[in-house]
Amino acid sequence: MSAVHISLIRQRMRDVLIGIGLREALNPYDRFEAAPNIIANQLFSIGMLDSNGFAEDRQRPAEGIRSETNCSIKISYRINPHDQLLSYDAGFDTTDDAIKSITNRAAPLYTNTQIRFVRSQNNLTDSGEYLIFTIQFAISHYIPLQ
């Protein structure tokens with residue numbers, strides 16, 4: 001497995017999510033829910049939360065650092081006030097599509113990476129207008145040293 005930059009992995013994931021009809025938020029992951037006026041229907045943000053090396057890894061410059069990066073994706077889904085349960089289910093379907101697309105072992109996303117689904121959770125915003133889904137993945141890859 002060749003080394004690949006974390007930013008490139010994030011960009012590949014972004015492209016997959018755009019391919020299923022979602023739109024990327026203009027704000028970074030940490031600011032996704034900061035203000036209600038920056039959330040929109042079927043908007044997403046990708047956070048590369050942290051990377052962990054392996055103690056037995058030799059970290060050779062030619063190979064890079066063997067690591068596991070924890071990734072989290074937030075997706076917003078608008079709840080229709082007149083048909084809340086239908087919107088709720090449609091949000092889960094959208095989340096399932098995102099998980100299925102990210103775990104589809106196809107290039108370029110899986111070029112020099114291995115991605116494993118970890119968990120999914122959801123919460124309703126304080127206003128009750130949006131359901132925010134958070135999907136977490138563990139990504140095995142090498143961080144480049146050259």
Side-chain angles (χ1 to χ4, degrees), residues 1-54 57 59 63-146:
M1 185 183 300
S2 297
V4 60
H5 290 278
I6 294 171
S7 61
L8 181 59
I9 297 169
R10 192 201 73 76
Q11 291 164 13
R12 290 174 180 172
M13 294 178 92
R14 174 201 61 207
D15 294 346
V16 167
L17 294 173
I18 289 171
I20 64 167
L22 299 174
R23 295 175 297 122
E24 185 174 28
L26 299 178
N27 296 35
Y29 177 85
D30 294 336
R31 302 290 299 158
F32 187 73
E33 297 176 72
N37 62 344
I38 62 172
I39 299 176
N41 190 38
Q42 297 187 19
L43 203 65
F44 74 89
S45 187
I46 302 170
M48 304 309 258
L49 304 180
D50 58 21
S51 295
N52 301 296
F54 292 84
D57 183 39
Q59 300 187 7
E63 293 176 0
I65 300 170
R66 182 175 163 226
S67 65
E68 182 170 282
T69 296
N70 294 308
C71 170
S72 184
I73 299 171
K74 289 185 180 180
I75 299 173
S76 60
Y77 202 90
R78 188 174 188 284
I79 299 299
N80 182 336
H82 301 292
D83 209 345
Q84 293 183 9
L85 290 179
L86 188 61
S87 298
Y88 195 74
D89 288 343
F92 278 104
D93 291 343
T94 298
T95 301
D96 289 348
D97 289 343
I99 294 168
K100 181 172 50 177
S101 297
I102 295 292
T103 58
N104 178 15
R105 300 191 191 298
L109 181 55
Y110 274 77
T111 303
N112 298 315
T113 61
Q114 294 177 355
I115 302 172
R116 182 176 47 85
F117 170 76
V118 175
R119 68 182 275 191
S120 177
Q121 60 188 35
N122 65 80
N123 67 311
L124 198 60
T125 58
D126 291 339
S127 67
E129 187 177 0
Y130 290 97
L131 195 57
I132 306 296
F133 294 90
T134 304
I135 311 167
Q136 296 174 332
F137 297 95
I139 305 167
S140 297
H141 65 100
Y142 284 81
I143 297 173
L145 290 177
Q146 294 182 346

Contact check, side chains of Arg116 and Glu68, non-hydrogen atoms, under 4.5 Å: yes

Full working for side-chain contact (heavy atoms from CB on, under 4.5 Å) between Thr94 and Leu22: CA-CA 9 Å; Thr94 298; Leu22 299 174; 3.7 Å; yes

Working for side-chain contact (heavy atoms from CB on, under 4.5 Å), residues Leu17 and Ser101: CA-CA 7 Å; Leu17 294 173; Ser101 297; 5.5 Å; no

Distance, nearest 0.5 Å, that separates CD1 of Ile115 from CE of Met13: 5.0 Å

From Arg31 atom CZ to Ser45 atom OG, the distance as rounded to the nearest 0.5 Å: 11.5 Å

Under 3.5 Å: donor-acceptor pair, side chain of Tyr110, backbone of Ile102: yes

Distance in Å, Met48 CE paired with Tyr29 OH, rounded so as to fall on 0.5 Å steps: 11.5 Å

Distance (rounded to the nearest 0.5 Å) between Ile18 CD1 and Glu24 CD: 5.5 Å

Spacing of CG belonging to Asp89 relative to OH belonging to Tyr77, to within rounding of 0.5 Å: 10.0 Å

Donor-acceptor contact present, side-chain Thr111 to main-chain Ala107, <3.5 Å: no

N/O donor-acceptor pair under 3.5 Å between Ser87 side chain and Ile79 backbone: no

Heavy-atom closest pair, residues Thr113 and Ile139: CB-CG2, 4.2 Å

Any Leu86 side-chain heavy atom under 4.5 Å of Asn80 side chain: no

Over all atoms of both residues, closest heavy-atom pair of Pro144 and Val4: CD-O, 3.5 Å

Aromatic centroids of Phe133 and Phe92 separated by under 6.0 Å: yes

Interatomic spacing from CZ in Arg10 to CG in Asp15 - rounded to 0.5 Å: 9.0 Å

Main-chain N/O of Arg78 paired to Asn41 side chain as donor or acceptor, under 3.5 Å: yes

Student check: side-chain heavy atoms of Leu8 and Arg12 closer than 4.5 Å: yes

Under 3.5 Å donor-acceptor, Ser76 side chain and Tyr130 backbone: no

Over 12 foreign heavy atoms within 6.0 Å of CG, Asp93: yes

Trace of the side-chain contact (heavy atoms from CB on, under 4.5 Å) decision for Gln42 with Arg23: CA-CA 6 Å; Gln42 297 187 19; Arg23 295 175 297 122; 5.5 Å; no

Heavy-atom closest contact (Phe32 atom, Ile132 atom, distance): CE2-CD1, 4.1 Å

Working for side-chain contact (heavy atoms from CB on, under 4.5 Å), residues Ile6 and His141: CA-CA 9 Å; Ile6 294 171; His141 65 100; 3.7 Å; yes

